[in-house]
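Notes to accompany the following structure.
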There are 2 protein chains.
Amino acid sequence: MVKELDEKIDTLPDHVGWRLWQASRAWQAEFAAAMRAAGHGWFTEARAGLLGYIGRNGMRQSALIERSAISKQAIQQLLDGLEAEGIVERMPDPQDGRGKLVRYTSRGLDALRDGDRVKMEIERRYVSRIGEERFTALMGALRALAAREAAAMDEDAGAEGEVVESK
Amino acid sequence: MVKELDEKIDTLPDHVGWRLWQASRAWQAEFAAAMRAAGHGWFTEARAGLLGYIGRNGMRQSALIERSAISKQAIQQLLDGLEAEGIVERMPDPQDGRGKLVRYTSRGLDALRDGDRVKMEIERRYVSRIGEERFTALMGALRALAAREAAAMDEDAGAEGEVVESK
DNA sequence: TCCATATAGTCAAGATACTTGACGACATTC
DNA sequence: GAATGTCGTCAAGTATCTTGACTATATGGA
């Protein structure tokens with residue numbers, strides 16, 4: 001079947017962006033399927049993306065905005081959904097009358113635990129597929145890339161600042 | 001700035017899925033920004049994803065559906081958009097009265113060329129960020145993962161087939 | 001104290017990228 | 001040539017995210 005596909009397809013892209021995209025999508029599909037199988041039918045990609053930023057001890061909605069680089073309105077809508085599903089709850093911040101605290105419900109913490117388990121299972125599967133050495137190299141490269149990316153963005157920001165100044 | 005962020009964030013995820021997602025998004029953002037800068041304002045992520053599947057010589061809409069694993073309706077809508085932008089054109093398939101051929105316009109081919117250039121630039125940047133060795137390792141791991149992924153899916157499909165049969 | 005300004009969150013409307021379902025035109029097969 | 005299947009389309013609905021406008025609260029002076 002794979003061979004058939006290879007024959008049919010004249011030019012399948014093979015550059016970093018494509019590979020990263022495919023790998024990312026495959027991981028997400030695997031994760032989402034496992035989560036739904038574990039009874040978390042409310043689970044979607046966008047929600048997962050947001051939940052990744054919420055610390056286990058809860059946090060300010062505004063802190064979530066800072067971290068996730070999603071617009072506050074989008075976050076609000078995602079939180080509305082998650083709240084309706086009973087995964088998180090919002091309560092007024094006693095420290096600041098304007099703010100609200102977001103934290104996991106017990107159901108949300110259950111989901112979090114399941115999520116961690118699933119992640120470990122997928123990781124194990126990946127290691128068995130490509131070998132520990134390759135997997136380690138993959139993680140190392142991705143971490144390095146993320147670190148340099150952040151550094152480059154800082155430089156860009158600095159450079160942009162200079163450009164603005166010189167105007 | 002990076003340090004500040006590290007201090008503020010108690011638990012940033014560090015698993016394959018997260019890293020792949022971040023890397024993929026970063027690449028896409030870089031690519032999209034460069035494409036827009038090159039005058040291709042019509043460029044969006046979803047469209048890029050679809051264009052990746054269209055061979056330079058054009059192809060049947062139905063073939064596109066097979067390859068991309070997106071619903072035919074979604075593909076149609078994306079193609080509608082791309083056609084309206086003058087990137088691709090659709091013509092009846094002389095071989096099959098039902099089918100239509102999708103192929104790039106000359107404007108589309110220009111965009112494709114720019115895309116290739118941008119990809120190479122990004123790749124060069126990546127290599128200079130993390131080193132050639134690490135970059136090669138990254139690509140190798142991603143390719144291996146994709147190949148094993150496909151193989152695993154075939155196995156699953158086979159297993160599912162058996163299950164259906166045994167019903 | 002009171003006012004100006006900034007910040008936290010909400011409400012509303014619209015765009016994009018999908019989905020499912022129903023359908024008409026053409027092909028294939030028996 | 002009639003049943004069946006495939007190809008593309010039309011229509012409607014959903015999820016995610018965006019921009020813009022708004023309310024309530026906080027803060028830092030005059």
Side-chain angles (χ1 to χ4, degrees), chain A residues 8 21 24-25 28-29 32-33 35-36 40-54 58-85 87-103, chain B residues 8 21 24-25 28-29 32-33 35-36 40-54 58-85 87-103:
Chain A
K8 264 193 284 180
W21 185 59
S24 174
R25 286 184 53 108
Q28 276 166 24
M35 285 300 274
R36 278 193 294 267
H40 303 291
W42 53 270
F43 193 89
T44 71
E45 201 176 301
R47 285 169 173 179
L50 184 60
L51 290 179
Y53 290 101
I54 304 178
M59 64 195 311
R60 286 281 294 277
Q61 208 165 306
S62 51
L64 213 45
I65 293 162
E66 268 186 64
R67 286 192 184 188
S68 64
I70 308 176
S71 75
K72 60 181 178 178
Q73 295 91 334
I75 285 181
Q76 189 179 0
Q77 289 169 36
L78 289 171
L79 286 177
D80 285 348
L82 287 168
E83 200 174 19
E85 298 284 351
I87 306 303
V88 302
E89 56 188 0
R90 279 187 276 202
M91 49 204 315
D93 183 349
Q95 314 261 294
D96 186 334
R98 298 167 301 175
K100 287 197 180 169
L101 295 175
V102 180
R103 64 173 196 194
Chain B
K8 264 195 279 181
W21 185 61
S24 173
R25 287 184 53 110
Q28 277 166 23
M35 284 300 276
R36 278 193 293 268
H40 303 290
W42 53 272
F43 192 89
T44 70
E45 201 175 302
R47 286 170 172 178
L50 184 60
L51 290 178
Y53 290 102
I54 303 178
M59 63 196 313
R60 287 280 295 278
Q61 209 164 307
S62 51
L64 213 46
I65 293 161
E66 267 186 63
R67 286 193 186 187
S68 64
I70 309 175
S71 76
K72 60 182 177 179
Q73 293 90 338
I75 286 182
Q76 190 177 1
Q77 288 169 37
L78 289 171
L79 286 178
D80 285 349
L82 287 168
E83 201 174 19
E85 298 285 352
I87 306 303
V88 301
E89 55 189 358
R90 278 186 278 202
M91 47 204 317
D93 184 350
Q95 314 259 295
D96 186 334
R98 298 165 302 177
K100 286 197 179 168
L101 295 174
V102 180
R103 64 174 196 192

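The chains referred to below are lettered A, B, ... by the order of the sequence lines, with proteins before strands, and numbering in each begins at 1.
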Taking [atom1] from [X] and [atom2] from [N], how many angstroms apart are they, rounded to a whole number?
{"X": "Gln76(A)", "N": "dA8(C)", "atom1": "CD", "atom2": "C1'", "value": "10 Å"}
{"X": "Leu50(A)", "N": "dA15(D)", "atom1": "CG", "atom2": "C1'", "value": "14 Å"}
{"X": "Gln28(A)", "N": "dA15(D)", "atom1": "CD", "atom2": "C1'", "value": "15 Å"}
{"X": "Ile65(A)", "N": "dC17(D)", "atom1": "CD1", "atom2": "P", "value": "14 Å"}
{"X": "Ile70(B)", "N": "dC7(D)", "atom1": "CD1", "atom2": "C1'", "value": "17 Å"}
{"X": "Ile75(B)", "N": "dG8(D)", "atom1": "CD1", "atom2": "P", "value": "10 Å"}
{"X": "Gln61(A)", "N": "dT7(C)", "atom1": "CD", "atom2": "C1'", "value": "13 Å"}
{"X": "Arg60(B)", "N": "dT6(D)", "atom1": "CZ", "atom2": "P", "value": "13 Å"}

How many angstroms lie between atom [atom1] of [X] and atom [atom2] of [Y], to the nearest 0.5 angstrom?
{"X": "Leu79(B)", "Y": "Arg90(B)", "atom1": "CG", "atom2": "CZ", "answer": "5.0 Å"}
{"X": "Trp42(B)", "Y": "Arg36(B)", "atom1": "CH2", "atom2": "CZ", "answer": "11.5 Å"}
{"X": "Gln76(B)", "Y": "Lys72(B)", "atom1": "CD", "atom2": "NZ", "answer": "9.0 Å"}
{"X": "Leu101(A)", "Y": "Gln95(A)", "atom1": "CG", "atom2": "CD", "answer": "8.5 Å"}
{"X": "Leu78(A)", "Y": "Leu50(A)", "atom1": "CG", "atom2": "CG", "answer": "5.5 Å"}

Quick one: is [N] close enough that its OP1 or OP2 comes under 4.0 Å of any side-chain N or O from [X]?
{"X": "Thr44(A)", "N": "dT16(D)", "value": "yes"}
{"X": "Ser62(B)", "N": "dG8(D)", "value": "yes"}
{"X": "Ser71(B)", "N": "dT20(C)", "value": "no"}

Could you tell me whether Arg60(A) and Asp96(A) make a salt bridge, using a distance below 4.0 angstrom between a side-chain N and a carboxylate O? yes
For the side chain of Ala74(A), counting heavy atoms from C-beta on, which of dT16(D), dG9(C), dT18(D) is nearest? dT18(D)
Would you mind telling me which residue lines up with the more 5' stretch of DNA chain C, Arg90(A) or Gln77(A), judged by nearest nucleotide? Arg90(A)
Reference residue Leu82(B); test side-chain contact (heavy atoms from CB on, under 4.5 Å); the match among Thr44(B), Val102(B), Ile87(B):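 That would be Ile87(B).
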Under 4.0 Å protein heavy-atom contact, by nucleotide of nucleotides 21-30 of chain C - B base, S sugar-phosphate only: B----BS---
Can you work out whether Leu78(A) or Asp80(B) has the more 5'-proximal nearest nucleotide on DNA chain D? Asp80(B)
